[in-house]
Participant: 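Take this structure first; my questions come after.
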Amino acid sequence: QGIRGLYRGMAAPIVGVTPMFAVCFFGFGLGKRLQQTKPDDVLTYPQLFAAGMLSGVFTTVIMAPGERIKCLLQIQAATGETKYNGSLDCAKQLYREAGIRGVYKGTVLTLMRDVPASGMYFMTYEWLKNILTPEGKSVSDLSVPRILFAGGLAGIFNWAVAIPPDVLKSRFQTAPAGKYPNGFRDVLRELIREEGVASLYKGFTAVMIRAFPANAACFLGFEVAMKFLNWVAPSL
């Protein structure tokens, strides 16, 4: 399939990634504000974890359909059958066959993945930033390499939590209608019975290879954007 085969099913995540990360960081900020009595209150790590979990709830609304479409397109490439002619056609067919529930199939499993993983993601990032901040310096003065390191490790911690429910979600979202009437419980039982507990970490190496650079870039982009916005519109 050439180099393009590595990017199959990419359109759906790309369309959703900008609003998804905007909503993700908004949810984290909202989660922090809900727990603060004053704007400058320093939150504990469990409170940061809770704020991160709220961001996972917010992003699921955007993530669930994009993940469903991506998984179907990727499994289609593996089987060699051509049922869907791209992301938009896939979404139309899913809606035509089962309505909005067909598009959002696997939402509960997406929540099970993103809520705890997002909590770990943001808590780890804030923890690492505090550790990496030199004594007498502010967290906001962290150098680019330190931000990249903190963001990359946060991504690894995020996916260490997210991989098992992600495997279950992908199996459920690509299964024929009616195969798993009891949802993720049926998927979990079948997966462990046929492939063992280790199958819950299928794709671990590939995910971790992506996790560090992708999330390092994500947090660096966020920090740069926030500094730019605070400079351009400090009272916004």
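Everything numeric here is computed off the predicted structure, so don't read it as measured data.
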Participant: Kindly indicate whether the side chain of Y201, heavy atoms from C-beta on, has any atom under 4.5 Å from the side chain of V167.
Facilitator: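 Not touching, per the 4.5 Å side-chain cut-off.
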
Participant: Answer with yes or no whether the hydrophobic clustering places I209 together with F204; edges join I, L, V, M, F, W, Y residues whose side-chain heavy atoms lie under 4.5 Å apart.
Facilitator: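 No, it is not one cluster - the side chains of I209 and F204 are not joined through contacts under 4.5 Å.
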
Participant: Do L200 and L188 come within less than 4.5 Å of each other through their side chains, counting heavy atoms only?
Facilitator: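 Sidechains of L188 and L200: in contact.
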
Participant: Does K169 reach the side chain of M112, with side-chain heavy atoms less than 4.5 Å apart?
Facilitator: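 In short, these two side chains do not touch, never coming nearer than 4.5 Å.
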
Participant: May I ask you to decide whether K83 forms a salt bridge with E97, counting only side-chain N to carboxylate O separations under 4.0 Å?
Facilitator: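 Looking at K83 and E97, the cut-off is met.
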
Participant: If hydrophobic clusters are built from ILVMFWY residues whose side chains come within less than 4.5 Å, do L88 and I69 share one?
Facilitator: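 No; tracing contacts between hydrophobic side chains, which count when under 4.5 Å, never links both residues.
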
Participant: Would you say Q47 and T44 are linked by a side-chain donor-acceptor pair, where the criterion is simply a distance under 3.5 Å?
Facilitator: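 Short answer, yes.
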
Participant: If I compare all heavy atoms of L109 with all of L168, which pair ends up nearest, and what's the gap?
Facilitator: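 Minimum heavy-atom contact is CD1-O, 3.9 Å.
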
Participant: So, for Q173 and A64, which heavy atoms are closest and what is the spacing to 0.1 Å?
Facilitator: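 Result for this residue pair: NE2-O, 3.6 Å.
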
Participant: Okay, side chain of D166, backbone of A162: is any donor-acceptor separation there less than 3.5 Å?
Facilitator: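 Not at all, since once roles are kept as given, no pair shorter than 3.5 Å links the two residues.
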
Participant: Taking E67 first and then K105, would you say they form a salt bridge - that is, a charged N and a carboxylate O separated by under 4.0 Å?
Facilitator: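 Looking at K105 together with E67, the answer is no, because their closest N to O distance does not fall below 4.0 Å.
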
Participant: How many angstroms lie between OG1 in T60 and CE in M20, if you round to the nearest 0.5 Å?
Facilitator: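 T60 atom OG1 to M20 atom CE measures 10.0 Å (nearest 0.5 Å).
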
Participant: Are there over 12 heavy-atom neighbours, none belonging to R4, within less than 6.0 Å of that residue's CZ?
Facilitator: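 No, CZ of R4 has 12 or fewer neighbouring heavy atoms, counting only those of other groups under 6.0 Å.
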
Participant: Quick one: closest heavy-atom pair of Q36 and P39, and the distance?
Facilitator: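 Taking Q36 first and P39 second, the nearest heavy atoms are NE2-O, 3.6 Å.
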
Participant: Counting heavy atoms not belonging to F58, are there more than 12 under 6.0 Å from its CZ?
Facilitator: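 Yes.
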
Participant: Counting C-beta onward and ignoring hydrogens, is there a side-chain heavy-atom pair between F21 and T59 closer than 4.5 Å?
Facilitator: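 A side-chain contact is absent here, since even the closest heavy-atom pair is not under 4.5 Å.
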
Participant: Looking at K92 and D89, is there a salt bridge between them, counting it only when a charged N and a carboxylate O are closer than 4.0 Å?
Facilitator: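 K92 and D89: not salt-bridged.
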
Participant: If you count heavy atoms of other groups shown closer than 6.0 angstrom to CZ of R189, is the number above 12?
Facilitator: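 More than 12 heavy atoms, drawn from other residues, nucleotides or ligands, come within 6.0 Å of this atom.
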
Participant: Would you say the side chain of I156 lies within less than 4.5 Å of the side chain of L153, judging by non-hydrogen atoms?
Facilitator: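 They are in contact (side-chain heavy atoms under 4.5 Å apart), so the answer is yes.
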
Participant: To the closest 0.5 Å, what do you measure between OH (Y84) and CD1 (I75)?
Facilitator: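 Y84 atom OH to I75 atom CD1 measures 11.5 Å (nearest 0.5 Å).
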
Participant: Between N130 and Y45, is any side-chain donor less than 3.5 angstrom from a side-chain acceptor?
Facilitator: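 Y45 and N130 do have a side-chain donor-acceptor pair below 3.5 Å.
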
Participant: Hey, any chance V42 and L142 share a hydrophobic cluster, counting ILVMFWY side chains that come within less than 4.5 Å of each other, even indirectly?
Facilitator: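 Per the 4.5 Å side-chain linkage, V42 and L142 are not co-clustered.
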
Participant: Working to the nearest 0.5 Å, report the span between OG1 of T110 and CZ of F172.
Facilitator: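 Output value for this atom pair is 10.0 Å.
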
Participant: Looking at CZ of R68 and OG1 of T107, how far apart are the two atoms once the value is rounded to the nearest 0.5 Å?
Facilitator: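 Spacing of CZ (R68) from OG1 (T107) equals 9.5 Å.
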
Participant: Parallel, tilted or perpendicular: which one describes the rings of F222 and F219, with boundaries at 30° and 60°?
Facilitator: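 Correct class here is perpendicular.
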
Participant: So, does R113 use its side chain to make a donor-acceptor pair with the main chain of P165 at under 3.5 Å?
Facilitator: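 No, R113 side chain to P165 backbone: no donor-acceptor pair under 3.5 Å.
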
Participant: Side chains of C90 and L94, heavy atoms from C-beta outward: is any pair under 4.5 Å?
Facilitator: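 Of all side-chain heavy-atom pairs linking L94 with C90, at least one is under 4.5 Å.
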
Participant: Of all the heavy-atom pairs spanning L48 and M123, show the shortest one and how long it is.
Facilitator: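 Heavy-atom minimum between the residues: CB-CA, 4.3 Å.
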
Participant: Taking side-chain hydrogen bond (donor to acceptor under 3.5 Å, both in side chains) as the definition, give me every residue that meets it alongside N158, ordered by chain and number, with sequence neighbours left out.
Facilitator: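 N158 satisfies side-chain hydrogen bond (donor to acceptor under 3.5 Å, both in side chains) with no other residue.
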
Participant: Side-chain donor-acceptor pair under 3.5 Å between D114 and S118, yes or no?
Facilitator: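 Side chains of D114 and S118: no pair found under 3.5 Å.
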
Participant: Mind checking whether I147 and I131 sit in one hydrophobic cluster, side chains of I, L, V, M, F, W, Y counted as touching below 4.5 Å?
Facilitator: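 Yes, I147 and I131 fall within the same hydrophobic cluster.
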
Participant: Are a donor atom and an acceptor atom from the side chains of N215 and Y121 found within less than 3.5 Å of each other?
Facilitator: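 Indeed, the side chains of N215 and Y121 share at least one donor-acceptor pair under 3.5 Å.
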
Participant: Shortest non-hydrogen contact from S55 to F28?
Facilitator: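 Where S55 meets F28 most closely, the heavy atoms are CB-N, 3.5 Å.
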
Participant: Can you name the nearest heavy-atom pair linking Y104 to P65, along with the distance?
Facilitator: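 Scanning both residues completely, I find the closest heavy atoms to be CE2-CD, 3.4 Å.
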
Participant: Could you tell me which residues satisfy side-chain hydrogen bond (donor to acceptor under 3.5 Å, both in side chains) with E190, sequence neighbours excluded, listed by chain and number?
Facilitator: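 Per chain and number, E190 pairs via side-chain hydrogen bond (donor to acceptor under 3.5 Å, both in side chains) with R171, Y180.
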
Participant: What do the steps show when you test T133 against S138 for side chain to side chain contact (heavy atoms under 4.5 Å, CB included), and what is the final call?
Facilitator: CA-CA 7 Å; T133 300; S138 169; 5.9 Å; no

Participant: Is the closest side-chain heavy-atom distance between M208 and I163 below 4.5 Å?
Facilitator: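 Counting from C-beta outward, M208 and I163 do come under 4.5 Å.
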
Participant: Look up atom CH2 in W231 and atom NZ in K227, then write down how far apart they are to the nearest 0.5 Å.
Facilitator: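 If I round to the nearest 0.5 Å, the distance is 14.0 Å.
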
Participant: If you measure from CG on L148 to CD on E223, what distance do you get to the nearest 0.5 Å?
Facilitator: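 If I round to the nearest 0.5 Å, the distance is 10.5 Å.
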
Participant: Taking the six-membered ring for Trp and the single ring otherwise, decide whether the centroids of F25 and F122 are under 6.0 Å apart.
Facilitator: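 F25 vs F122: aromatic centres under 6.0 Å.
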
Participant: With distance as the sole test, does D141 use its side chain to make a donor-acceptor pair with the main-chain N or O of K137 at under 3.5 Å?
Facilitator: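 Looks like no, no N/O pair under 3.5 Å.
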
Participant: Would a 4.5 Å heavy-atom cut-off, applied to side chains only, mark L34 and L54 as touching?
Facilitator: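 A side-chain contact under 4.5 Å exists here.
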
